[in-house]
Amino acid sequence: GQAKQAGQRYIVITTKHHDGFCMFDSKLSDYTIMHTPVKRDVCKELSEACRKQGLKLGFYYSIMDWHHPDYTPRRPWEKDRTAEGADFDRYVDYMRGQIRELMTNYGEIAVLWFDGGWERTAPEDLQKFRDIIAMARQLQPKMLVNNRANISGDFETPEQFIPATGVVDKEGRPALWEVCLTMTTGHGSFAPTAWWGYDRHETVFKPADQLIQTLVDVVSKGGNLLLNVGPAPEGVIRPEESERLAAVGRWMERH
């Protein structure tokens, strides 16, 4: 409801971030929301709500996984987790299975939004990712795929900044692109990093007029704006974020 009132046309939800925790009912892992006291598939609930509101739904999925034993490389800070016996091909099978679940169990999906692919750029890895994307497109033929599996996708994804002259392809023609932007500014726990997730210490949010100006700037250059909310642990959108969404919506109604 809040998304629709804000004038949004589509939503992208983080189904699995770098930490490997799944916000959906995956049969391939116990590290999911279904194995917590919540026991609800929020991706399913969101897909139904989007259909009801006439919004398109996209799925973010992190290629990088700090929890799965077969994902390598390990982080420098992972002293307690050996990589011995890890088999990246097994991880690719897991990822393929999860993408299949996401592309099959939630109705029509508008966007597949990869992230965290920058660690695995060897040609053989990229080929594995290409195969997974081909499978996903077969299951969701109308869907757009972003560019963060290190394979040229359907659209570019500048993060936290607006390209000065928009985005063009190799031939100089306007390309599809989308800015992803936080409402937070990074004045919380670890300044100056603005978190995508919830940070209870964050007190400074971009003002509504700045967000509206950003939207106008992006649209004038042919892009889309993917504006982030980091819901609180109870699953609610914080009042600071709700207020800004409502202000953008009021402006959108007139313009």
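- Looking at every heavy atom in both residues, A6 comes nearest to V248 through O-CG1, 3.8 Å.
- Minimum heavy-atom separation, T32 to F24: CB-O, 3.6 Å.
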* Asked: Does the pair T36 and F21 meet the rule for a side-chain contact (heavy atoms from CB on, under 4.5 Å), with working shown?
  -> CA-CA 11 Å; T36 71; F21 183 77; 3.8 Å; yes

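- Here L226 sits in one hydrophobic cluster together with Y10, V12, Y60, V111, W113, L144, F155, L176; the rule is ILVMFWY side chains under 4.5 Å apart, joined directly or through other members.
- Taking CD from Q138 and CE from M103, the interatomic distance works out to 13.5 Å, rounded to the nearest 0.5 Å.
- For the side chain to side chain contact (heavy atoms under 4.5 Å, CB included) test, residues two or more places apart in sequence or in another chain that qualify with A83 are T72, R74.
- Atom CG of N105 and atom SG of C43 lie 11.0 Å apart (nearest 0.5 Å).
- Distance check, rounded to the nearest 0.5 Å: CZ of R244 to CG of D209 gives 9.5 Å.
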* Could you please spell out the steps behind the side-chain contact (heavy atoms from CB on, under 4.5 Å) verdict for L139 and I99? => CA-CA 10 Å; L139 293 166; I99 298 291; over 6 Å; no

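- The main-chain N or O of A86 is never found under 3.5 Å from a side-chain atom of R90 such that the two would form a donor-acceptor pair.
- A donor atom on one side chain and an acceptor atom on the other are found under 3.5 Å apart for D131 and Q127.
- Put simply, the side chain of P73 reaches to within 4.5 Å of the side chain of Y71, judged on heavy atoms.
- The cluster map of Ile, Leu, Val, Met, Phe, Trp and Tyr, joined by side-chain heavy atoms under 4.5 Å apart, puts M183 and I162 in the same cluster.
- With sequence neighbours left out, T203 forms a side chain to side chain contact (heavy atoms under 4.5 Å, CB included) with no residue at all.
- Within the model, atoms CG of N224 and CG of L215 stand 9.5 Å from one another, a figure rounded to the nearest 0.5 Å.
- E101 places a side-chain N or O within 3.5 Å of a backbone atom of K27 that can act as its donor or acceptor partner.
- Nearest heavy atoms, I11 versus C50: CD1-SG, 4.0 Å.
- The environment of Q213 atom CD is sparse: at most 12 non-hydrogen atoms of other residues, nucleotides or ligands sit within 6.0 angstrom.
- W177 and P158 make their closest contact through CE3-CG, 3.9 Å (heavy atoms, listed as atom of the first residue, atom of the second, distance).
- When side chains are defined from C-beta on, P163 does not count as touching E156, because their heavy atoms never get closer than 4.5 Å.
- Linking Ile, Leu, Val, Met, Phe, Trp and Tyr whenever their side-chain heavy atoms come within less than 4.5 Å leaves I33 and Y61 in two separate clusters.
- From Q140, atom CD reaches atom CG of L102 across 10.0 Å, with rounding to the nearest 0.5 Å.
- A search for ring pair (Phe, Tyr, Trp, His ring centres under 6.0 Å) contacts involving Y94 returns H68, Y91, not counting sequence neighbours.
- Shown here for S189 and W195, the closest heavy-atom pair between the two residues is CB-NE1, 4.4 Å.
- Under the 3.5 Å distance criterion, the side-chain polar atoms of N147 are left unmatched by any main-chain donor or acceptor of G153.
- Other residues, nucleotides and ligands contribute more than 12 heavy atoms inside 6.0 Å of the CZ atom of R96.
- Under the 4.5 Å side-chain heavy-atom criterion for ILVMFWY residues, no single connected hydrophobic cluster contains both L55 and V229.
- Within the structure, the salt bridge (Lys or Arg N to Asp or Glu O under 4.0 Å) test picks out the following pairs touching residues 139-155 (sequence neighbours left out): E108-K142, D115-R148, R137-D154, R148-E159.
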* Would you please test F205 and R238 for side-chain contact (heavy atoms from CB on, under 4.5 Å) and show each step? => CA-CA 11 Å; F205 295 76; R238 287 179 278 191; 3.9 Å; yes

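- Taking the side chain as every heavy atom from C-beta outward, Y106 and D41 approach each other to under 4.5 Å.
- Between F114 and F129, the distance from one ring center to the other does not fall under 6.0 angstrom.
- Atoms SG and CG, from C22 and D65 in turn, are 7.5 Å apart once rounded to the nearest 0.5 Å.
- Residues satisfying the ring pair (Phe, Tyr, Trp, His ring centres under 6.0 Å) test with H201, not counting sequence neighbours, are none.
- Residues W196 and F59 do not share a hydrophobic cluster, clusters being chains of Ile/Leu/Val/Met/Phe/Trp/Tyr side chains in contact below 4.5 Å.
- Pairs of residues two or more places apart, or lying in two chains, that qualify as salt bridge (Lys or Arg N to Asp or Glu O under 4.0 Å) and include a residue from residues 116-125 are R75-E119, R120-D125, D125-K128.
- Scanning for side chain to side chain contact (heavy atoms under 4.5 Å, CB included) contacts around E171 gives D169, R173, with sequence neighbours left out.
- The ring pair (Phe, Tyr, Trp, His ring centres under 6.0 Å) search around W118 returns H18, not counting sequence neighbours.
- Screening residues 180-207 for salt bridge (Lys or Arg N to Asp or Glu O under 4.0 Å), with sequence neighbours left out, gives no hits.
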* Take I63 and M95 through the side-chain contact (heavy atoms from CB on, under 4.5 Å) test and state the conclusion after the steps. => CA-CA 8 Å; I63 292 168; M95 178 174 149; 3.6 Å; yes

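- A49 pairs by the side chain to side chain contact (heavy atoms under 4.5 Å, CB included) definition with nothing, not counting sequence neighbours.
- In terms of heavy-atom proximity, T121 sits nearest to N150 at CG2-ND2, 3.2 Å.
- A distance-only check finds no donor-acceptor pair linking the side chain of S242 to the backbone of P239 [under 3.5 Å].
- Listed for the R81 side chain is a donor-acceptor partner under 3.5 Å among the backbone atoms of H67.
- Residue pairs meeting the salt bridge (Lys or Arg N to Asp or Glu O under 4.0 Å) criterion with at least one member in residues 4-15: none, sequence neighbours excluded.
- Transitive grouping of hydrophobic side chains (ILVMFWY, heavy atoms separated by less than 4.5 Å) keeps V179 and V145 in distinct clusters.
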